[in-house]
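See below for the structure under consideration.
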Amino acid sequence: MDGIVLRKTRKFSGEMDCCSNKKMEDCIESCGSGKSGAGKKMKNSRTLASDALPLPVGLTNKVFFILFFTASYFLMRRWREKIRTSTPLHVLSLGELVAIVAQLASFIYLLGFFGIDYVQNFITGGNDDDDVREEEKFMSPVPKEEVAVKSSAPQVQLKGISLGDNEDDDIAAAVCNGTVASYSLESTLGDCARSARVRRRALEMMTGRSLDGLPLEGFDYGSILGQCCELPVGYVQIPVGVAGPLLLDELEYMVPMSTTEGCLVASTNRGCKAIHMSGGATSVLLRDGMTRAPVVRFATAKRAADLKYYIEDPNNSENLSLIFNRWEQ
């Protein structure tokens with residue numbers, strides 16, 4: 001027995017010597033491959049919720065997606081025809097009944113499909129994720145120490161504290177005396193609504209007039225930041241009406257109109273109705289361009305009238321054109 005024990009010990013020590021002569025990477029790689037293979041066998045042996053489907057999950061999803069949209073399209077076509085022919089919608093044919101059943105069945109499946117992953121995790125108890133994390137931890141090299149990088153951008157301060165920690169009146173006073181730029185309030189305060197309120201207060205301080213008649217609250221100033229309006233101090237409410245349909249070039253258009261002029265939308269709507277009843281309008285684009293005309297300002301109306309009489313003289317048109325063309329850019 002002693003001899004047998006010694007031979008087994010020598011064999012074991014030989015294997016350890018052999019392993020010590022190899023690189024540690026080879027040993028770790030062989031051990032890792034063994035663990036991953038065992039993990040795959042364990043995953044394949046677990047029961048999944050999708051195993052109850054008679055077809056593969058991907059093919060089953062495609063079938064029910066096609067069935068859902070096909071049934072929906074068929075029902076919409078049938079109901080549109082019933083509306084045109086004034087047929088009651090509750091009167092159903094055999095094909096419509098089959099389409100409704102198919103639509104409900106596919107909807108129930110698709111609704112339950114999004115919970116399959118949750119059910120699988122509930123059945124497995126999250127062991128798959130633990131195995132994957134253990135394998136990645138064993139196989140991945142030791143990560144280097146990460147160094148946090150902080151932003152070195154200087155913060156705007158007022159009265160020894162951050163600008164946002166000050167009162168609105170103090171910030172508005174700083175805007176008035178030029179200490180804080182008005183255009184930089186959104187970036188320094190980080191609040192578009194407060195920036196508009198501070199800028200509005202600064203404007204009241206500089207002009208000595210109240211802006212109470214201009215609405216301020218109830219508007220999303222962040223939606224216009226860098227888009228359509230700079231340096232906002234409020235907003236103006238204008239009612240929007242719609243006229244139409246306007247039949248133009250065999251196409252119908254609904255025309256939105258923002259105005260405070262009474263009867264403007266109503267008269268435009270009557271015009272659209274008259275155009276539609278007469279068969280529609282046809283448009284032709286002759287030229288697409290932009291025109292510019294000079295503006296001359298005089299100190300008195302007498303001088304402006306003198307220029308009017310001067311322009312009406314045909315003999316002066318050529319001389320006047322040369323003068324104006326020299327000013328065009």
Side-chain angles (χ1 to χ4, degrees), residues 62 64-107 110-111 192-193 196 211 213-295 308 311-312 324 328-329:
K62 293 178 182 178
F64 277 98
F65 265 112
I66 296 174
L67 182 62
F68 177 78
F69 288 109
T70 303
S72 301
Y73 177 75
F74 173 77
L75 291 175
M76 286 189 294
R77 290 288 302 271
R78 292 292 300 168
W79 289 341
R80 186 175 63 177
E81 293 176 0
K82 287 185 177 181
I83 293 173
R84 288 181 176 178
T85 58
S86 300
T87 304
L89 296 179
H90 64 273
V91 178
L92 302 176
S93 62
L94 179 60
E96 292 172 347
L97 288 174
V98 173
I100 291 175
V101 172
Q103 187 185 38
L104 289 176
S106 57
F107 176 77
L110 295 175
L111 185 63
C192 295
L211 299 179
L214 181 66
L216 175 66
E217 304 296 336
F219 185 80
D220 184 11
Y221 293 96
S223 62
I224 64 172
L225 181 62
Q227 299 292 329
C228 58
C229 183
E230 298 79 21
L231 309 177
V233 294
Y235 65 97
V236 178
Q237 291 178 332
I238 301 178
V240 179
V242 61
L246 173 63
L247 184 58
L248 179 64
D249 297 332
E250 299 182 355
L251 296 175
E252 291 185 350
Y253 299 93
M254 300 302 295
V255 184
M257 302 179 66
S258 177
T259 179
T260 56
E261 179 182 348
C263 301
L264 177 61
V265 180
S267 60
T268 305
N269 188 61
R270 288 193 295 267
C272 294
K273 183 178 180 180
I275 293 174
H276 199 288
M277 293 177 64
S278 62
T282 303
S283 63
V284 178
L285 180 62
L286 300 178
R287 182 184 177 186
D288 186 9
M290 181 177 63
T291 59
R292 291 178 294 175
V295 177
K308 175 181 179 297
I311 295 175
E312 290 176 349
F324 283 145
E328 288 187 357
Q329 296 181 357

* Asked: Counting only heavy atoms not in M254, do more than 12 sit closer than 6.0 Å to its CE atom?
  -> yes

* Structure fact -> For A99 and F74 the tightest heavy-atom approach is CB-CD2, 3.6 Å

* Residues, nucleotides or ligands: over 12 heavy atoms within 6.0 Å of E312 CD -> yes

* With sequence neighbours excluded, tell me which residues meet salt bridge (Lys or Arg N to Asp or Glu O under 4.0 Å) with K82. => E96

* Taking atom CG of L92 and atom CH2 of W79, what is their separation to the nearest 0.5 Å? -> 8.0 Å

* Structure fact -> Applied to residues 233-249, the side chain to side chain donor-acceptor pair (under 3.5 Å) test, sequence neighbours excluded, yields D249-S283

* Any side-chain heavy-atom pair of V255 and T268 under 4.5 Å -> no

* Structure fact -> Here the side chain to side chain donor-acceptor pair (under 3.5 Å) pairs for residues 252-264, sequence neighbours left out, are E252-H276

* Asked: Heavy atoms, side chains only, cut-off 4.5 Å: are V101 and L97 in contact?
  -> no

* Side-chain contact, heavy-atom cut-off 4.5 Å: V265 with V242? -> no

* To the nearest 0.5 angstrom, please state how far the OG atom of S278 sits from the CG atom of L247. => 8.5 Å

* **Pair R78 + E81, salt bridge at N-O below 4.0 Å** => yes

* Asked: Near F107 CZ, under 6.0 Å, is it more than 12 heavy atoms from other residues, nucleotides or ligands?
  -> no

* Between Y221 and A193, what is the shortest heavy-atom contact and its length? -> CD1-CA, 4.0 Å

* Distance (rounded to the nearest 0.5 Å) between T282 OG1 and L248 CG -> 7.5 Å

